[in-house]
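Notes to accompany the following structure.
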Amino acid sequence: MSPLSETLISTTDLQVGFSIRKGPFQKDVLKAVDGISIDIPRGAFFGVVGESGSGKTTLGRALLQAVPVTGGTASYDDGDKRFDLGTLSGAALKDYRRRAQLIFQDPYAALSPRMTVRDIIAEPLEVMGLTRTREETDARVREVAATCRLNLEHLRRFPHAFSGGQRQRISIARALVCGPRFVVADEAVAALDVSIQADILNLLKALQRDLGITFLFISHDLSVVAHTCDHVAVMYLGRIVESAPTRALFHAPRHPYTQALFSAIPSLDPDDRGRAQVLKGEIPSPTNQPSGCTFHPRCAFASDLCRRAAPEAEKDASGHMVSCHHWQDLLRTPVEAPTAAPTQ
Amino acid sequence: MSLLSVENLTLQFRTDEGLITAVDDISFTLGRGEVMGLVGESGSGKSVTAKALMMLNAPNAVYGADSRITLHLDDGDVDVLALRRARDMRVVRGGAVSMIFQEPMASFAPALTIGSQMVEQLQVHTDLSKAQARELSVEMLNRVGISDASTRFNQYAFELSGGMRQRAMIAMALSTRPRLLIADEPTTALDVTIQAQVIQLMQELVKDFGMGIIFITHDLGVVAQTADNVSVMYLGRMVETGPVREVLRRPAHPYTQGLLDALPKLDDLDAPLRPVPGDIPSPLERPSGCVFHTRCDRALPQTCATTAPIWTQTGPEHRLACHLSEGEHCA
């Protein structure tokens, strides 16, 4: 990425908190997204990975202004219009909805069983009043259906007649029909079989290339992210612990959490058994966050410093950001010491 | 010494739209202490096969006339499909055969404590007293790596995290010391880090308990890390079977090759992702001949669409059902 490339989405110290009730008179705030600063260049395929509970979905929703932003700033600028997310209302929000769309995880739940495919895809156009006549709507629906490689005969049928892969193509067509510049794909291939997953990933990549759409691709599957995204951010408990261009991240992960995530992917080689570096414990509850570096209770390299102070984000010239006190020490002594010991 | 033999298993479901074939004439055996991976996409019939072993399929299931499932136990063989009374079925429902389900939240009763459910099944299947059953349950919870097991014993399923629930499920399934464990997508609903923990746990338990396992998954990586042998299913047919190293390194069936090609690989980020062309056909429109021919880019004209392939051997223990390899052997 050249430094000149323009930014579509930019956030500074973005926070999303949900207030929860702890007792009759006590309230607490659950920080789902806790101080995220990212820049997504126009036309990029930006990946966000993390375990469940890491806040990746909330981040995506905050960028669509589907959950209230409780701190920091986020902005959208496609060169034509600029919006400050979190403050939009009325006409500006309507305009933003047209420019930013969401693809859901489960294509079985996302489509109404009582509407034909044509009506499902046309609904956003009608709701937003983007077309004036039925002919205009139909023409646009057919155009989008062709882009998503849907058969035009399919438009008259109902969703139950389709397999998972075809349904996901219908969901994508619906998200694209209003011509968005920014699309959040939240686990868009997680519910699909591998043979079909590859097809949907190829389609999303083609849309990025041909239509110049910017994607925020949220996934828990690192190998999928590695193959599709230009840039990847790794989230843990509402924060980004490492973020880098895909190749840099996968060839030389710096954060111990990223390294553990990679190591946990089951290898296709049966002779790799027992080599996985198994991370102990589970992601803590966001209401009860550990002190210092929030990853320290599960980190094999944690020191007193980690328990005391939260690490600062360090970014190098190539755009590789890591937030760990010890990443340079770990780089010098390649991963070996405590990892071989099986957890008991 | 084999533990389980399945012969010519055919299973259809009676529905309003007619008979739907879910499993079509599959046969396999499982040895004692063997871990067999059963791989396939949704709709391939892998879960239905597993449920047949425990007679858990819905009442509209129709088994083929020459289908046989035999469990070889120390005190004699059990003809599973002949079991009629619920009392007799106990042996395959938690006695000699246990199952771990995909969704651990849905598998525990929400209104009973984990402990009371573990004790109940022990009392059904063994002659332990309540106190002994309690003691064994806590010990099993400990064994699967649940810390503070005696507290967890008195908790409800919703108080446990996903990974912990799956561990409790495994503890419960193993507490009756089954000879055969069926694990139906046990790690699919879990995060990778927790999945790695559960895989490691299962590897240890196989060593300690020595039971046979049928491990159902759609994830070839999980199979590579757990199974000794693997069988690949497509639309109710078994298409390839063999030792896990053989099948994953030298996949012979075009479908197995397609599955491996479609997987994103971390060691080669530039490799294009090649989907298996087309979609899985509806079970109401089962293709004739080889069921895979509609999606196979190497299908032979005429042959594949008309006749079902027979099993051929490509290596020791490595077999597949494909016309292409029949040709190789003829040539």
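Numbered from 1 within each chain, the chains take letters A, B, ... in sequence-line order.
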Side chains of [X] and [Y], heavy atoms from C-beta outward: is any pair under 4.5 Å?
{"X": "A/E282", "Y": "B/I194", "answer": "yes"}
{"X": "B/P275", "Y": "A/N202", "answer": "yes"}
{"X": "A/S195", "Y": "B/E41", "answer": "yes"}
{"X": "A/P266", "Y": "B/Q195", "answer": "yes"}

Specify which of [options] makes the most heavy-atom pairs with chain A at under 4.5 Å.
{"options": "B/L190, B/D261, B/L259, B/V244", "result": "B/V244"}
{"options": "B/L220, B/L266, B/D267", "result": "B/L266"}
{"options": "B/S147, B/P277, B/G162, B/S161", "result": "B/S161"}
{"options": "B/D219, B/V192, B/L201", "result": "B/V192"}

When A/K205, A/R273, A/E51 are compared by non-hydrogen pairs under 4.5 Å with chain B, the top option
A/R273
Assert top hit (heavy-atom pairs under 4.5 Å, partner chain B, pool A/S263, A/S52, A/S285, A/A226) equals A/S52
Check whether [X] gets within reach of chain B through its side chain, its backbone, both or neither, counting any heavy atom under 4.5 Å.
{"X": "A/D221", "value": "neither"}
{"X": "A/L201", "value": "side chain"}
{"X": "A/S267", "value": "both"}

What is the minimum heavy-atom distance between B/G221 and A/L268, and which atoms define it?
N-CD2, 3.8 Å
For B/A262 and A/A198, which heavy atoms make the closest approach, and how far apart are they?
O-CB, 3.8 Å
Proximal component of B/L260, with respect to chain A [non-hydrogen, under 4.5 Å]:
side chain
Which portion of B/T226 sits near chain A, non-hydrogen atoms under 4.5 angstrom:
backbone
Could you point out which residue of B/L263, B/D270, B/L269 forms a side-chain contact (heavy atoms from CB on, under 4.5 Å) with A/H227?
B/L269
How long is the gap from [atom1] on [X] to [atom2] on [Y], to the nearest 0.5 Å?
{"X": "B/H218", "Y": "A/Q197", "atom1": "NE2", "atom2": "CD", "answer": "8.0 Å"}
{"X": "A/I283", "Y": "B/D191", "atom1": "CD1", "atom2": "CG", "answer": "7.5 Å"}
{"X": "B/Q225", "Y": "A/D271", "atom1": "CD", "atom2": "CG", "answer": "9.5 Å"}

Under a 4.0 Å N-O cut-off, is there an ion pair linking B/R249 with A/D269?
yes
Residues A/D199 and B/R274 bridged, charged N to O under 4.0 Å:
no
What do you reckon, is CD of B/E159 surrounded by more than 12 foreign heavy atoms closer than 6.0 Å?
yes
Please step through side-chain contact (heavy atoms from CB on, under 4.5 Å) for the pair A/R298 and B/T193, ending with a clear verdict.
CA-CA 11 Å; A/R298 298 176 76 189; B/T193 54; 3.7 Å; yes
